[in-house]
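Notes for the one structure printed next.
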Amino acid sequence: MPKKISAPITASDNFLSKQTLLVLSPHADDEAYGCAGTIAKIKELGGKVYIMVFSIADLWQYTKKYTFVKKEIRAQEFARTAEFLKVDGYDIIFKESDKHLRLDAIPRRDLVSIIERDSKVALDKIKPTMVALPAVSYNQDHCAIFQAGFTACRPRGVEDNLNFPRIVLAYDNPTLFWNVEHEKFHPNFYVDISKYWGTKIKALAFHQSQLKPRLHHCSLESLEHLVKLRGKEISVEAAEAFTCYRFVC
């Protein structure tokens with residue numbers, strides 16, 4: 001039966017070892033910011049992990065100065081991250097510049113179709129038990145993928161014989177402090193990554209073209225502070241935090 005989330009849940013090792021996780025990542029690096037520690041932990045415990053990246057393209061990127069980064073570089077960085085994290089499979093959906101940072105212009109039904117059945121790591125193909133969505137934020141691509149992913153995870157009838165992810169989460173991001181009040185991130189599901197926070201930092205470091213300077217809120221240093229803050233919220237060294245929308249046990 002559905003379990004009402006009234007207090008924070010901390011996922012146990014036994015629970016995570018049985019999961020098949022699908023991470024929906026609007027861009028290459030979102031998976032590392034939000035879930036790299038959880039990915040590493042699930043894999044070490046014997047579970048499975050897949051990542052669906054929606055958009056990689058040529059882009060002027062500001063780090064310490066504006067630099068033109070080609071999509072091939074972004075794809076290589078993500079591939080190294082995925083290999084490092086030992087994921088079981090991934091798919092990069094769009095590589096066209098007119099789609100990058102414009103996912104909100106794609107009809108939601110088309111995005112839902114990709115998530116449900118068209119991608120090589122679609123719900124109906126890998127049948128995940130757990131799906132991690134990007135939390136709602138000011139980023140239009142994150143909102144588009146959250147809405148499409150949330151729709152794709154809608155309740156299904158048993159007679160439909162379609163995949164029904166039993167756990168639906170939204171993952172953290174260092175930018176979420178800049179949300180309007182009614183869209184603030186309120187985590188109620190945590191994964192202890194005390195043994196894996198270093199792995200998380202290394203995973204993000206593979207996205208070298210995207211790295212921010214030390215004091216930026218999306219820097220490696222700031223990400224380390226964030227996971228240690230989340231850890232303090234559940235009295236461990238480091239954690240990743242999620243909002244849980246469905247937990248069926």
Side-chain angles (χ1 to χ4, degrees), residues 1-26 30-43 45 47-52 112 115-116 121 123 126-137 139 142-156 162-177 179-194 196-197 200 223 226-249:
M1 293 183 64
K3 186 172 182 178
K4 184 178 180 181
I5 309 299
S6 57
I9 290 176
T10 303
S12 69
D13 287 5
N14 182 58
F15 170 81
L16 292 173
S17 71
K18 300 174 183 178
Q19 301 308 313
T20 296
L21 169 66
L22 173 62
V23 178
L24 302 187
S25 183
D30 291 320
E31 81 295 330
Y33 278 118
C35 303
T38 299
I39 291 171
K41 186 169 187 175
I42 288 176
K43 286 301 301 174
L45 292 171
K48 295 181 179 180
V49 180
Y50 300 85
I51 304 173
M52 191 183 300
V112 172
I115 296 167
E116 287 183 338
V121 295
L123 298 177
I126 68 168
K127 301 189 182 303
T129 57
M130 177 186 291
V131 175
L133 314 172
V136 170
S137 72
N139 189 305
H142 287 221
C143 289
I145 300 309
F146 172 84
Q147 294 292 346
F150 198 81
T151 301
C153 292
R154 64 196 180 279
R156 310 286 190 94
L162 297 172
N163 182 250
F164 178 76
R166 302 175 74 82
I167 301 100
V168 180
L169 310 171
Y171 55 82
D172 205 353
N173 186 286
T175 66
L176 296 181
F177 69 92
N179 273 19
V180 295
E181 190 59 36
H182 72 277
E183 292 178 346
K184 293 293 186 185
F185 183 67
H186 296 293
N188 56 5
F189 186 100
Y190 291 80
V191 176
D192 179 356
I193 62 164
S194 297
Y196 305 92
W197 70 264
K200 180 183 179 75
L223 186 61
L226 178 60
V227 298
K228 290 187 174 181
L229 171 65
R230 296 305 186 195
K232 296 297 185 294
E233 293 172 358
I234 58 168
S235 300
V236 300
E237 182 179 358
E240 285 179 336
F242 303 83
T243 298
C244 183
Y245 291 99
R246 180 165 69 224
F247 189 104
V248 181
C249 59

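Since the model is a prediction, treat every value here as computed from it, not as a measurement.
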Determine whether the aromatic ring centres of residues Tyr245 and Phe146 are separated by less than 6.0 angstrom. yes

For Lys48, does the NZ atom have more than 12 heavy-atom neighbours from other residues, nucleotides or ligands under 6.0 Å away? no

Residues Cys244 and Asn188: closest non-hydrogen pair is N-OD1, 2.6 Å

Look up atom OH in Tyr50 and atom CD1 in Ile39, then write down how far apart they are to the nearest 0.5 Å. 13.0 Å

Test side-chain hydrogen bond (donor to acceptor under 3.5 Å, both in side chains) applied to Asn139 and Ser137, step by step: CA-CA 5 Å; Asn139 189 305; Ser137 72; 5.5 Å; no

Does the ring center of Phe185 lie less than 6.0 Å from the ring center of Phe242? no

Interatomic distance, CG@Leu22 vs NZ@Lys127, rounded to 0.5 Å, equals 13.0 Å

Partners meeting salt bridge (charged side-chain N to carboxylate O under 4.0 Å, His left out) with Asp172 (sequence neighbours left out): Arg230

Close side-chain approach of Ile167 and Val248, heavy atoms under 4.5 Å: no

Heavy atoms of Gly37 and Ile193 approach each other most closely as C-CG2, 3.6 Å

Which distance, rounded to the nearest 0.5 Å, do you find between the CG of Leu16 and the CG of Leu45? 6.5 Å

Would you say that Leu133 contacts Ile145 through its side chain, given a criterion of any heavy-atom pair below 4.5 Å between the two side chains? no

Output all residues satisfying side-chain hydrogen bond (donor to acceptor under 3.5 Å, both in side chains) with Asn179, sequence neighbours left out; order by chain, then residue number. none

Donor-acceptor under 3.5 Å (Ser25 side chain, Glu31 main chain): yes

Is Asn163 close to Pro128 at the side-chain level, that is, under 4.5 Å between some pair of heavy atoms? yes

Any side-chain donor paired with an acceptor under 3.5 Å for Asn14 and Ser12? no

4.5 Å side-chain heavy-atom contact, Glu116 and Arg154: yes

Between Thr243 and Tyr171, is there a side-chain heavy-atom distance shorter than 4.5 Å? no

Do NZ/NE/NH1/NH2 and the carboxylate oxygens of Lys232 and Glu237 come within less than 4.0 Å? no

Are Arg246 and Pro165 side-chain neighbours, meaning at least one heavy-atom pair lies under 4.5 Å? yes

Closest non-hydrogen atom pair between Ile42 and Leu21, with its separation: CD1-CD2, 3.9 Å

Supply the atom-to-atom distance Met130 CE to Cys35 SG, rounded to the nearest 0.5 angstrom. 10.0 Å

First locate atom CZ of Phe177, then atom CG of Leu226, and finally report the distance between them rounded to the nearest 0.5 Å. 11.0 Å

From CA spacing to verdict: side chain to side chain contact (heavy atoms under 4.5 Å, CB included), Leu229, Val227: CA-CA 5 Å; Leu229 171 65; Val227 298; over 6 Å; no

Non-hydrogen atoms of Leu24 and Gly149 that approach each other most closely: CD1-CA, 3.9 Å

Pair Tyr190-Glu233, side-chain donor/acceptor within less than 3.5 Å: yes

Measuring only between side-chain heavy atoms, which start at C-beta, is Val131 closer than 4.5 Å to Leu123? yes

Could you go through the salt bridge (charged side-chain N to carboxylate O under 4.0 Å, His left out) check for Glu240 and Lys200 one step at a time? CA-CA 10 Å; Glu240 285 179 336; Lys200 180 183 179 75; 2.5 Å; yes

When you compare the side chain of Val180 with that of His182, does any pair of heavy atoms fall below 4.5 Å? yes

Heavy-atom closest pair (Phe164 atom, Pro155 atom, distance to 0.1 Å) is CE1-CA, 3.7 Å

For residues Asp192 and Ser194, is any side-chain donor paired with an opposing acceptor at under 3.5 Å? yes

Counterpart residues, salt bridge (charged side-chain N to carboxylate O under 4.0 Å, His left out), relative to Lys18 (two or more places apart): none

